[in-house]
Amino acid sequence: MAESRAGWTVVAVGCVALALSFAYRNLLQLTMTGMEGELAWSRSMLSSGATVALIAMAAGNLFGGMLVDRYGPRNLVAVGLACLGIGMLGTGLSAARWQYVLAYGAFAGAGFGLASQSVVAAAIARFFVERRGLALGISAAGGPAGQMTLIPLAALLLAGFGWRGLFIVSGIAALVFAPIAYRALRVADRPAQSGPRPGMGADFGYLLKSPVFHLLFWGFFLCGFTTIGVIETHFVPYATLCGFSPVTSANAFGFLSVLNLAGILLAGWLADRMDRILLLAGIYLLRALTFIMLLAITDNTAMLFAFSGLYGLFDYATAPVTASLVASHLGLRVMGFAMGLIAMAHQLGAAAGAIGGGVLFDATRSYNGLWILSLALAVVAAVLSIFIRRQPAPAAA
């Protein structure tokens, strides 16, 4: 399919939608202390809303991916943004526990899942062939770009208007952008395959029989473990344990986030120019090597920031390469469904890494075992990637 202005319109809308979705996922961290003080709710009560949101997000990822293949992304992205708006607005107006859980947990969580990379990637892949990796990389970069630009703005809003004002302004912004996205995405309002198509059961059976799907699925499970699971959960506590101040630890994590953006864009650009299987395996392998640096930082500030920079390059870089391989090797007809399942695997891996890291630390009072395990699992992900066949199966076309 020829690349066109319509395709780049979808990239732009997807980029903004992911920026809002990723940034809004971090608002609870900024506001939790203020909410505790005003509402006299426990930390576990507030965390329960986040847990419900993660469950709703996983469901939204899965069902959004299934539906985008059949109906296109227009309604899904617009509904996802509307859910984000209602969830943020409802959270800001919450006075009772059930209101908070419903607003943040159910509505915002569903929005996180529908305004997601799996839905956006499935829409974008239909418009690009030669520059598919670059287009997927630019859209995926919307997530970290949103965190970099909107979180500082959120902190200013929090200081000026309090936690309620922050959630209300955020909700209004998402509700304003929802109809804009709906109108802009009319160019992509079509299913991946015109005419009669197999049912979802047939699509699921096709994916289950595909070795490529299993290699990408389990590789992304390990990806979630070695990124969100261990680094976004345990990196700052580990740095503090090594003797760095909370400010230095947070700055190192911020530097890591900045390099995420560069890594995604570079990976997307390279996906159009080299063997994507070697690229994906190389990203996993280089990520594994960064854990050796993490074991050696001790109290060396330069080593801490060197790790943050290098790891940041390989943190989210798997996203556009994986999406590109799903499009070419599994086919555009089932891309949304496949991406939804693979995204779910990533979240399950992340949960295993977060919980497993805590268990290992409690048992040993050290993070060394977690970093060694992460190194080994990243190598396993690289090996799995190598076994992906070079040429797509005829059925994928």
Side-chain angles (χ1 to χ4, degrees), residues 8 10-27 29-30 112 115-121 123-125 128 131-156 170 173 177 220 223-224 226-233 235-236 239 249-274 276 279-280 282-284 286-287 289-290 293-294 304-324 339 343 346 350 378:
W8 290 111
V10 178
V11 171
V13 172
C15 194
V16 176
L18 291 176
L20 292 177
S21 183
F22 273 58
Y24 287 6
R25 279 157 52 182
N26 289 274
L27 295 187
Q29 298 183 57
L30 298 179
F112 297 147
S116 66
Q117 176 64 20
S118 55
V119 172
V120 170
I124 290 171
F128 295 88
R131 292 187 287 178
R132 180 179 285 161
L134 177 62
L136 291 169
I138 292 173
S139 68
Q147 291 175 320
M148 288 167 50
T149 57
L150 297 180
I151 294 302
L153 177 59
L156 292 176
S170 301
F177 186 61
F220 230 49
C223 181
T226 56
T227 54
I228 295 175
V230 299
I231 294 299
E232 293 191 19
T233 306
F235 172 69
V236 172
S249 302
N251 286 340
F253 187 77
F255 182 54
L256 184 155
S257 300
V258 170
L259 270 293
N260 279 339
L261 180 61
I264 288 177
L265 293 173
L266 179 61
W269 182 78
L270 288 173
D272 298 325
R273 289 164 172 80
M274 64 175 289
R276 290 168 297 161
L279 176 60
L280 184 61
I283 291 170
Y284 282 130
L286 290 170
R287 181 191 295 171
L289 296 178
T290 63
M293 296 178 62
L294 194 56
L304 177 71
F305 279 86
F307 164 81
S308 297
L310 286 174
Y311 180 88
L313 286 174
F314 311 119
D315 188 2
Y316 290 173
T318 56
V321 186
T322 299
S324 178
M339 287 297 297
H346 195 274

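Values below: every heavy atom of this structure, side chains too, minus hydrogens, waters and symmetry copies.
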Say you draw a straight line from [atom1] of [X] to [atom2] of [Y]; how long is it, rounded to the nearest 0.5 Å?
X    : Y    : atom1 : atom2 : result
T149 : L261 : OG1   : CG    : 9.5 Å
S324 : D272 : OG    : CG    : 6.5 Å
L259 : L266 : CG    : CG    : 11.0 Å
L313 : L256 : CG    : CG    : 9.0 Å
R131 : I124 : CZ    : CD1   : 13.0 Å

Check [X] against [Y] and note the closest heavy-atom contact, atom names and distance.
X    : Y    : result
L279 : A271 : CD2-N, 3.7 Å
T226 : A378 : CG2-N, 4.2 Å
A141 : L265 : CB-CD2, 3.9 Å
G268 : P320 : N-CG, 3.9 Å
F220 : Y284 : CD1-OH, 3.8 Å
A173 : Y24  : CB-OH, 3.7 Å

Quiz item: Should the pair F22 and Y316 be assigned to parallel (<30°), tilted (30 to 60°) or perpendicular (>60°) ring geometry?
Solution: perpendicular
Describe, in one word, how the ring planes of F128 and W8 are oriented to each other, choosing from parallel (under 30°), tilted (30 to 60°) and perpendicular (over 60°).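 Aromatic pair F128/W8 classed perpendicular.
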Quick one, [X] and [Y] - any side-chain contact, counting heavy atoms below 4.5 Å?
X    : Y    : value
T318 : L280 : yes
T227 : F314 : no
F253 : S257 : yes
S21  : Q117 : no
F235 : Y311 : no
I228 : H346 : yes
I231 : D315 : no

Between R132 and A125 (side chain of the first, backbone of the second, donor and acceptor by atom type, cut-off under 3.5 Å), is there such a pair?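 Yes, R132 side chain to A125 backbone: donor-acceptor pair under 3.5 Å.
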**Request:** Go through R287 and C223 one step at a time and tell me if the side-chain contact (heavy atoms from CB on, under 4.5 Å) criterion holds.
**Result:** CA-CA 10 Å; R287 181 191 295 171; C223 181; 3.4 Å; yes
